[in-house]
Every structure is written in C-alpha cells, then in structure tokens.
Amino acid sequence: MEIPIEEVLVQIAQVVGSQYVLRDASVLASYGADGFTLENVPPRAVILPGNADEVAETVRLLAAAGVPFLARGAGTSLSGGAIARQGAVIVHLSRMSRILSVDLKNGMVECEPGVVNRTISQRVAPDGFFYAPDPSSGQACTIGGNVAENAGGPHCLKYGVTANHILMVELVLADGERVRVGHLAAYPDPIDFLGLMLGSEGTFAVVTRVWVRVIRIPPSQSTVMALFDQVAWASQAVSAIISAGIIPASIEMMDQLAISAVERGTYRVGYPPDVAAVLLIEVDGSSVEVQSDTEAVLAILAKFHPRSVQTPHSEAERDLWWANRKTAFGAMGLISPRYYVQDGVIPRSRLPEVLARIAAIAEHYRIRIANVFHAGDGNLHPLLLYDDRDPDQVARVIQAGSEVLRVCVEVGGSITGEHGVGLEKLQEMSLQFSPEELQALRGLKASFDPQGLLNPGKVLPEPQ
Amino acid sequence: MIDTSVCVHCGLCLPACPTYQETGMESSSPRGRVFLLEAIAKGAEPSLESVRQIDECLDCRACEEVCPAHVPVGHRVDQFRRDHPQWIRRSGSGMREQRVVRWLTTPLGLHGFHWAVRLSQGPRLRRLSQRWLPLPLKSLSRGLPKTMPRQLGRARWRSKAVLEPGGNRLVVGLFLGCVMDAVFATTNHHTADLLSDVGRFVEVPMSQRCCGALSFHSGDIEQARRLAVANIKAFESVAEVVVNAAGCGAFFKEYAEIFEESSPWQAPAKALAARVVDVHQFLDDHRLPNLDQRPLPEARLTIHDACHLAHAQGIRQPLRDLLLRAGYQVIEMPEADRCCGSAGTYNLSHPAMAHRLKQKKAADVPQEVSGVATSNPGCMLQIQAGLQDAGRLLRVAHTVDWLWEAYHGNSH
Ligand SMILES: Cc1cc2nc3c(=O)[nH]c(=O)nc-3n(C[C@H](O)[C@H](O)[C@H](O)COP(=O)(O)OP(=O)(O)OC[C@H]3O[C@@H](n4cnc5c(N)ncnc54)[C@H](O)[C@@H]3O)c2cc1C
Ligand code: SF4
Ligand code: SF4
C-alpha cells in the first residue's frame with residue numbers, strides 16, 4: 001500500500017523536528033545539483049537528521065512508504081552522486097558533524113558522517129598525527145562522502161586511498177536496520193563487507209558513523225617544483241621517477257591552461273604564463289630518506305630539460321604551492337563560466353600519448369581543456385571548459401568528455417579514479433564492464449536494497 | 001559593482017559559512033545563496049522562505065576568502081537587498097534598520113546617539129532601558145562600556161609627537177568612525193597616542209563623516225556616496241589615513257566600488273582606498289618597542305578576528321605580534337575568525353541568528369583568559385554582551401586599548 005509522501009514527511013518531522021524537513025520549492029532548488037553542474041533536479045524534500053537514531057527512523061519510514069532517498073554530505077561530488085533522481089528525498093547529514101572520540105594510542109578517530117575531511121587532521125595535528133587521504137576538496141567534503149566515493153587525493157600515491165584508512169563504519173541499511181561492518185582491530189572479515197561499502201556511492205546503505213585510522217606525521221618532508229616547456233618532458237620525468245623506485249608522497253601536474261586559472265585565483269605562485277607544465281613533487285619520511293629521495297628526484301628531473309627546478313624557501317611558500325594546486329578546479333570559474341571535470345585513470349607510461357589525444361579531442365569539439373592530475377598514479381583530471389548558456393557547446397562538451405574516457409579505457413585504464421560514476425558515467429560503464437558483469441553488480445545491489453530505493457539512477461545503467 | 005568571477009558550485013566554501021554551520025542547510029550556505037540568486041536572476045519568483053535564507057547572510061566574507069574564484073557572495077547578497085527591498089520587507093526582516101541608519105549617519109544623529117548612550121549608562125536609565133528596549137538590543141546594551149568617555153570629536157588633536165631628527169613632519173590622518181567615536185572614543189584617544197609613540201603627527205580632519213558602510217549595507221547607496229565624497233575631501237591632504245574599526249577600513253578599501261564606473265569620484269575613491277592603513281598594520285610596520293619581558297596584570301588575552309579585518313583585509317598576524325610585543329600572552333580560541341553575529345545592523349534585522357552566533361562565540365572564549373581583544377566596535381559590543389549573558393566577567397576591548405594600557409599604564 002502506498003502511503004502518500006506528505007504523510008510520511010509529517011511523521012518524519014515528528015522525529016527530526018519540523019524545521020529540519022524542507023519542502024519549500026525555492027529552497028529545494030538550492031539542492032538541485034552538487035559539484036557536477038550538467039544536471040539539475042531539485043529533490044522532493046530534504047531531511048536533516050541530528051543523529052544516527054533519527055537517520056534510522058527516517059529511513060525506516062521512507063522505506064515503509066516506498067519513497068526513494070539518498071544521503072548527501074557536502075555536495076562536492078563531481079559525478080552528480082548527490083543529485084536526487086526519480087523523485088528521491090535527500091537525507092542531508094550536515095548537522096551530524098561531530099568528532100565523537102579520539103584515541104591516539106590506537107591511532108583512531110570516531111566521526112559522525114558529516115565531519116569535514118580536513119578537520120580530522122586539524123584535530124590530531126597538535127599531537128603529531130594526520131588523516132592521510134587528502135582530496136583537493138578536503139576543506140569541505142565529508143568523511144561520509146569520502147567513504148561513499150572511496151576518495152583519493154594527491155597524497156594517495158604513497159598512502160593509499162580512503163579504503164586503506166577506514167577501520168569500521170556504522171550503517172543504516174535500506175530498511176532502517178543499523179549494522180556495523182569492519183573491525184577496530186583491523187582483522188579482515190570472512191566476507192569483506194566494509195570493502196563493499198567503500199566506493200558504493202551511497203547505493204547500498206547510509207553511513208552514520210566512521211572510525212578512521214590516523215597516522216604519525218612524517219618527521220620530514222620536502223617539495224620540489226619543476227617547470228617544463230613541454231608536457232611530454234614533464235610526463236616522461238614522472239615515469240622516470242616512479243621507475244627509479246622512488247615513491248614520493250605525491251606527484252601533481254598542471255598544464256598551461258590550468259596554470260592560467262590558478263594564477264588568477266586566491267593563491268598565486270607566480271608561474272610564468274608561457275610555461276607548458278608544472279610538476280609538484282613531495283617526498284616525506286625520515287630526514288635521511290627525504291634528503292636522499294630529494295637528491296634522486298632532482299637528478300632525474302634534470303635529465304628532462306626542465307626550465308627551472310626549485311624547493312620552497314619557507315613552510316609558507318610550500319603551503320602556497322599546495323593551496324594553489326588544490327584550488328585548481330574552483331579557480332576555473334575565473335576563466336570559464338562552468339567546467340566539467342573528467343576522472344580517467346591510465347597507465348603512467350601512456351601519459352604523453354593520452355595528453356596528445358586529449359588535445360586533439362579539444363580541437364575537434366572546439367572547446368578548451370585544462371589538465372590537472374595526480375600524475376604519480378596516472379589519474380587524469382581533464383577540465384572541459386564550457387558556457388552553460390550555449391546548448392550546443394554543452395552537447396559538445398558531453399561528447400568530448402565521453403571520448404576522453406574511451407581513450408582511457410583503450411590504453412588499458414579506467415573511467416573513474418576517485419570521483420565515482422554517479423549519474424555522469426552511466427553510459428561509460430558499459431565501456432568497461434560486460435553486460436554479464438553489470439548484471440552481477442545489479443544482483444549485488446538488489447541484495448542490499450531490494451526495493452531499489454537507495455540513490456536511484458546512479459552507478460548502474462538500466463539493462464538494455 | 002564589478003563582478004568578474006563565476007561560481008562553479010564546487011562547494012569548497014560551505015564549512016566556512018557561519019549560517020551554514022548553524023543550520024546545516026544548503027540554502028543558507030554561500031553556494032546555496034548563489035543558486036537562489038541565479039534562479040532569481042533567471043526570472044524565478046522566490047518564496048519568502050528563500051528570500052529569508054538569502055538575507056540571513058552576514059556579509060562576513062568568510063566564504064570569499066576561501067573561494068578559489070573569490071566569488072563575492074556577500075556583495076551579491078547586498079546587491080540583491082538593494083535591488084529588491086520589497087522582498088526583503090515582505091520576508092519580515094524589515095528595513096527599519098535603514099531608517100535608524102540614515103539618522104545615525106548624520107552628525108546630529110551621531111551626537112544624539114552618543115548622548116543617548118552616555119545617558120543610558122546612568123544606573124537608573126540603564127535599568128529602565130533593560131525594560132523598554134527590544135530584546136536583541138537589550139542584550140546588546142549590556143555590552144556597552146560602563147562609563148562613556150568624551151568623544152575625540154572633530155576637535156583638532158594636538159599631537160604629542162616630536163619632530164624627526166631630519167625635521168620631517170610625518171603626518172597621518174586619523175579616521176574616527178561613528179559608532180567608534182560615539183561609544184568607544186577612548187579607543188580613538190588611545191590610537192592617537194600610539195601613533196604619536198611611533199613618531200607620527202596625528203591630524204583629525206573636522207569634516208570627516210561616517211564611512212558609509214552602514215548606509216550601503218542597509219541599501220541606501222546615495223547616502224553612502226555622499227558620505228564617501230565627504231571623506232575623500234576631508235582626507236585629501238594626508239598621505240596615510242589610519243583606521244581602527246575593521247568594518248570602516250574594509251569599506252574604505254572598496255570605496256571605488258560604490259561609484260559608477262563613469263563617476264568622476266572613481267579615481268579619487270581609489271586614491272583614498274590606497275592610502276588607508278589599518279591601525280594594526282601601521283603599528284606593526286612602525287614598530288612599537290618590545291616589552292615582552294614586562295609582566296602585565298591582565299596578561300592573558302584571546303583574540304577574536306573581526307570579519308572585516310581577517311576575511312576582508314587579510315590581517316591577522318599583526319594583532320598577535322603587537323600583543324606579544326606588548327607583553328601579553330595570547331591564548332587562541334577555536335575558529336577565532338568565525339563571525340560573532342554582530343555584522344553591522346544584523347542584530348536589528350536578524351536577532352535570532354545574531355543571538356545564536358553571539359552565544360557560540362562567548363562559549364569559545366577560553367576559560368583561562370582575562371580579556372578579549374578585537375578590532376571592531378560591533379564585535380566589542382556583541383562579545384561583551386555574550387559574555388555577560390553567560391555570566392562571565394571578562395573585559396572585551398579593542399586591541400589598541402590593550403596596547404595602550406601596556407605602553408601607557410592603566411591610569412586615566
Ligand atoms: C574542487 C573539488 C576537488 C575535488 N578533488 C577530489 C580529489 O582530489 N579526490 C577525490 O577523490 N575527490 C575529489 N573531489 C570529489 C568529491 O569531493 C569527493 O567525491 C567527496 O568524497 C565527496 O564528499 P561529499 O561529502 O561532498 O559527498 P556528496 O557530494 O554529498 O555525496 C557524494 C556521494 O556520496 C554519497 N554519500 C554522501 N554521504 C554519505 C553517507 N553518509 N552515507 C552514504 N552515502 C553518502 C552521496 O549519496 C553521493 O552519492 C573534488 C571535488 C571538488 C568540488
Ligand atoms: S562560491 Fe566559490 S567556493 Fe563557493 S561554490 Fe561557488 S565557486 Fe565554489
Ligand atoms: S558572507 Fe558569510 S554569511 Fe554570507 S554566505 Fe559568505 S560566509 Fe555565509
């Protein structure tokens with residue numbers, strides 16, 4: 001029996017408080033998109049629970065009435081993961097943003113899902129610890145969203161992605177039941193349910209609590225900046241560093257167009273406007289290690305015709321370099337009304353070739369593409385610039401984006417490194433998975449969410 | 001207003017926004033406000049609820065500071081308030097502030113305000129005022145200083161500075177402010193003293209007026225322009241204008257934006273903006289002596305970074321350096337640069353949110369401090385009131401006042 005949504009929302013209002021159930025059409029419009037701006041659908045309603053009990057009760061009521069729903073953190077998803085499709089209701093976890101406990105003896109922090117990524121490191125930094133996964137959106141994105149997207153970041157080259165740093169999560173399943181998966185002792189379950197949850201993009205369950213691992217800040221670190229007149233030289237240098245057996249904490253690269261945007265932004269480094277690519281390489285560890293790695297990196301860089309190579313003069317300068325890099329996406333607003341960021345992964349050795357093909361795609365579709373990437377692990381972020389007031393350009397951008405992903409798959413890579421499939425890459429899923437594989441994934445989803453209520457219209461394309 | 005940057009909806013600004021922190025709602029976040037404003041610009045008829053959420057913006061600029069494209073959300077909301085007063089009025093947050101502001105920014109009104117405040121500090125009126133004032137003002141009036149000093153006024157200030165050896169007279173203009181001069185005139189006296197200490201002759205032009213920020217933010221752009229013109233003329237002859245109220249300093253630095261591109265006042269406004277120096281920056285650059293060996297009675301302070309100093313002018317470190325050099329110990333409070341909710345006339349227009357932010361700020365003041373240093377009259381009133389409400393007997397004073405006490409003793 002269908003219960004009308006109005007009635008369900010009244011019941012939910014009694015649980016969470018009526019001011020935390022949003023129905024006003026104009027207000028809902030502000031929830032129409034996340035960091036992905038090519039689609040905009042306002043949710044049917046937004047609910048802001050204050051704690052895990054309220055989430056469970058909310059989900060139970062929604063499920064009983066057959067109303068689809070999805071969790072939302074900070075809405076920084078770049079694949080439209082937090083956009084409500086098929087008349088779904090948003091469960092916004094922004095009010096659940098407390099760090100519940102810190103246990104440094106066991107290197108563990110217990111968080112509500114709405115805790116902002118960067119605040120975890122800020123909290124434990126005075127004691128010499130940090131939370132390693134550092135997406136560039138770290139100042140805003142939430143740990144719940146990170147778990148859902150299995151987020152990565154510049155430092156994941158050495159430290160691994162979110163999955164490597166989550167000990168246990170508490171979930172509300174699609175019917176409102178609460179369970180915990182994973183272990184604080186970090187020994188594996190016979191079936192790795194925790195692993196299943198990581199990167200499931202909110203399609204299996206709602207995360208209501210997360211126990212993350214924090215580790216010691218390395219005693220020493222050093223950043224090297226190298227400027228190149230050819231992108232190919234920069235990417236050859238990256239491959240050479242990795243094949244020399246050095247594992248820097250991160251290797252980041254930006255091309256000329258990307259540089260022109262960040263240099264207009266809040267954090268200006270002063271890159272020469274005509275430089276083709278910049279590499280930022282950070283090594284960390286013991287001071288002996290850092291010194292020998294830095295020397296080795298400098299020696300390798302010198303072989304690939306850098307225009308200049310330098311190390312920062314101060315902590316502040318180093319921070320500036322990184323702040324500049326980390327705000328690259330947002331700074332696109334200074335050179336284009338909108339951007340559409342792609343997130344392909346390729347074998348590092350194919351970088352020069354793939355970049356050339358991306359440039360050709362840009363030319364063919366008459367758009368500009370800026371490149372920012374986690375070069376160390378071959379994770380590309382081509383930023384396709386467009387103006388949303390020009391429908392033809394929007395169409396060209398979408399086609400170009402898809403073509404970029406096709407190139408990634410062709411060279412043996414994948415269609416997403418860290419931003420997820422969301423609603424953006426539904427079509428491209430079939431580039432990477434066979435119909436049988438997709439059917440198996442649908443079966444998995446159905447075993448967690450038989451009614452198909454959780455984050456509908458994401459990740460898995462409808463069967464043809 | 002010049003507005004070249006575009007919001008790409010990245011969401012990086014969300015956690016910095018005090019109203020989003022309070023409500024958790026996208027619609028009361030910077031990005032949410034941009035969304036709502038974009039929809040309205042495209043012709044959508046906004047609901048009163050969404051107007052209310054837009055209008056709840058404090059113009060604290062926290063979002064602008066962290067936005068990679070420095071999208072001026074606060075400015076845009078201001079623009080919206082000016083363009084659509086009818087919606088703001090209907091949404092209930094009223095324009096009564098505009099009338100108050102217009103009166104307040106005339107010399108007569110200021111004088112009246114000064115005397116009203118001065119009189120209301122008498123024990124009898126104080127008690128009375130606790131009865132008749134509207135609730136938000138009641139709490140705020142508890143934040144007023146107990147005794148009201150004489151205004152530095154537009155009287156000529158006789159500088160105590162000695163002539164430089166070379167015979168160069170180093171002159172700076174001192175901007176007095178309206179609320180600053182009416183309620184915290186001591187701070188103006190102290191500012192003048194410290195400027196003399198670093199060898200400056202202080203000129204206080206008689207014809208200066210309110211900076212115009214209050215008028216501008218309450219939607220009265222014409223009045224703001226008149227005031228700006230008066231100030232441009234008043235400070236024409238001095239090479240540097242020292243400002244001690246964060247809000248006024250930030251507004252001066254943006255003077256050019258309130259005039260049309262084609263206005264003949266564009267260039268002079270820019271010229272004045274370039275000559276304005278925040279008092280902390282000035283005293284830090286021109287080095288007061290180092291006293292950090294000398295023990296001070298009220299030695300442990302915490303700092304509240306005023307929005308229009310930290311976010312709008314990017315000035316944070318000089319306050320800390322100055323207080324440390326003067327012999328104070330600084331104990332940081334969490335999120336020292338989160339808005340205290342005072343925000344110009346926000347107390348009048350949005351009492352509920354102002355109150356929440358005030359309580360939160362007071363709760364953030366560490367237990368072990370003996371005073372709070374900040375740099376804006378509104379913040380001083382607001383935080384003092386918040387502490388008072390929480391039953392804490394701490395003194396809130398301008399950084400300049402704390403410095404003056406260190407350098408000139410506690411006797412006046
Ligand atoms: C400027 C910028 C830079 C970025 N850089 C990086 C980067 O370097 N690396 C990277 O990996 N990503 C990056 N991202 C993408 C994005 O920040 C991440 O995907 C992040 O993990 C999303 O977190 P969020 O809190 O914003 O989640 P949202 O966007 O709100 O949600 C994302 C998905 O997670 C689900 N979800 C959210 N919370 C929960 C929960 N509690 N339980 C279940 N499901 C939930 C949602 O349903 C949705 O499907 C960047 C984004 C931007 C805008
Ligand atoms: S205002 Fe700036 S930080 Fe905020 S969403 Fe827009 S571009 Fe991003
Ligand atoms: S100016 Fe302040 S209150 Fe307004 S949107 Fe920005 S951060 Fe929020």
Side-chain angles (χ1 to χ4, degrees), chain A residues 19-20 22-37 40 46 48 50 72-78 82 90 92-97 114 116 118-119 136-142 261-262 264-267 323-324 326-339, chain B residues 3-17 19-40 42 44-54 56 62-72 87 91 311 314 317 332 334-335 352:
Chain A
Q19 74 272 38
Y20 293 120
L22 311 184
R23 300 298 320 275
D24 181 278
S26 332
V27 167
L28 294 180
S30 68
Y31 280 92
D34 50 20
F36 176 75
T37 48
N40 190 320
V46 174
L48 296 115
R72 178 171 167 123
T76 65
S77 165
L78 291 168
I90 286 181
H92 195 185
L93 299 164
S94 53
R95 290 176 62 219
M96 295 171 61
S97 58
V116 170
R118 191 194 281 175
T119 57
S136 305
S137 51
Q139 71 186 67
C141 65
T142 66
V262 286
R264 280 181 221 201
T266 309
Y267 307 99
N324 170 289
K326 288 204 161 191
T327 48
F329 293 0
M332 292 302 144
L334 294 161
I335 59 171
S336 166
R338 295 275 180 268
Y339 69 83
Chain B
D3 185 357
T4 50
S5 43
V6 176
C7 170
V8 292
H9 301 172
C10 67
L12 293 189
C13 51
L14 263 59
C17 176
T19 56
Y20 177 73
Q21 285 177 7
E22 282 304 298
T23 67
M25 295 173 192
E26 181 74 34
S27 44
S28 60
S29 79
R31 178 176 61 181
R33 293 191 170 112
V34 169
F35 245 106
L36 298 174
L37 291 174
E38 280 174 356
I40 293 169
K42 282 187 197 139
E45 176 81 12
S47 68
L48 291 186
E49 182 52 32
S50 66
V51 171
R52 224 169 272 139
Q53 303 240 6
I54 297 172
E56 206 160 56
C63 54
E64 296 175 26
E65 201 186 10
V66 298
C67 167
H70 28 77
V71 173
W87 282 337
S91 80
H311 302 310
Q317 201 51 42
E332 296 286 351
E335 299 183 60

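Partners of Y20(B) according to the ring pair (Phe, Tyr, Trp, His ring centres under 6.0 Å) rule, which considers only residues two or more places apart in sequence or in another chain, do not exist here. Partners of S30(A) according to the side-chain hydrogen bond (donor to acceptor under 3.5 Å, both in side chains) rule, which considers only residues two or more places apart in sequence or in another chain, do not exist here.
Contacts with chain B were tallied for P337(A), A29(A), C141(A), A328(A); P337(A) has the most, counting heavy-atom pairs under 4.5 Å. Chain B forms more heavy-atom pairs under 4.5 Å with one residue of Q139(A), Q19(A), R72(A) than with any other, namely Q139(A). Most heavy-atom pairs under 4.5 Å with chain A: of the set Q53(B), E22(B), R31(B), E49(B), this distinction falls to R31(B). Counting heavy-atom pairs closer than 4.5 Å to chain B, the top residue among D34(A), I335(A), V46(A) is D34(A).
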Exercise. Test Y339(A) against C10(B) for side-chain contact (heavy atoms from CB on, under 4.5 Å), laying out the working first.
Key: CA-CA 10 Å; Y339(A) 69 83; C10(B) 67; 4.3 Å; yes
Self-check item: Worked verdict on F329(A) versus V8(B) for side-chain contact (heavy atoms from CB on, under 4.5 Å)
Solution: CA-CA 9 Å; F329(A) 293 0; V8(B) 292; over 6 Å; no
Practice problem: Kindly indicate, with the supporting measurements, whether the criterion side-chain contact (heavy atoms from CB on, under 4.5 Å) is fulfilled by N40(A) and F35(B). | Solution: CA-CA 11 Å; N40(A) 190 320; F35(B) 245 106; 3.3 Å; yes
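For chain B, no part of L78(A) is nearby; none of its heavy atoms comes within less than 4.5 Å. Within the 4.5 angstrom heavy-atom criterion, only side-chain atoms of T37(A), from C-beta onward, approach chain B. S28(B) does not touch chain A: none of its heavy atoms, backbone or side chain, sits under 4.5 Å away. Interface remark: Q21(B) contributes no atoms to any contact with chain A (heavy atom separation under 4.5 Å). Neither the backbone nor the side chain of N324(A) comes within contact range of chain B; no heavy atoms are under 4.5 Å apart. Interface remark: R118(A) contributes no atoms to any contact with chain B (heavy atom separation under 4.5 Å). When heavy atoms are compared at a cutoff of 4.5 Å, R33(B) does not approach chain A at all. With a threshold of 4.5 angstrom between heavy atoms, V66(B) approaches chain A through its backbone and through its side chain. Using a 4.5 Å cut-off between heavy atoms, V116(A) contacts chain B through its side chain alone, with no backbone atom that close. If you measure heavy-atom distances from L12(B) to chain A, the contacts under 4.5 Å come from both the backbone and the side chain.
Here CG of D24(A) is found 8.5 Å from CG of L48(B). Values are rounded to the nearest 0.5 Å. For the atom pair CG (L14(B)) and OG (S137(A)), the distance works out to 11.5 Å, reported to the nearest 0.5 Å. Distance check: L22(A) CG to S50(B) OG gives 12.0 Å after rounding to the nearest 0.5 Å. M25(B) contributes atom CE, which lies 6.0 Å from atom OH of Y20(A) (distance to the nearest 0.5 angstrom). The structure places CG of L334(A) at 7.5 Å from SG of C67(B), a figure rounded to the nearest 0.5 Å.
Closest approach of S47(B) and S26(A) over heavy atoms only: N-OG, 2.9 Å. The heavy-atom pair separating S27(B) from V27(A) by the smallest distance is OG-CG1, 3.4 Å. Across all their heavy atoms, T23(B) and L48(A) have their closest contact at O-CD2, 4.2 Å. Of all non-hydrogen atoms in E26(B) and H92(A), the two that sit nearest each other are N-CE1, 4.1 Å.
Looking at E65(B) and T266(A), their side chains never come closer than 4.5 Å, going by heavy atoms from C-beta outward.
The backbone N or O of P68(B) lies less than 3.5 Å from no partner atom in the side chain of T327(A), so there is not a single donor-acceptor pair.
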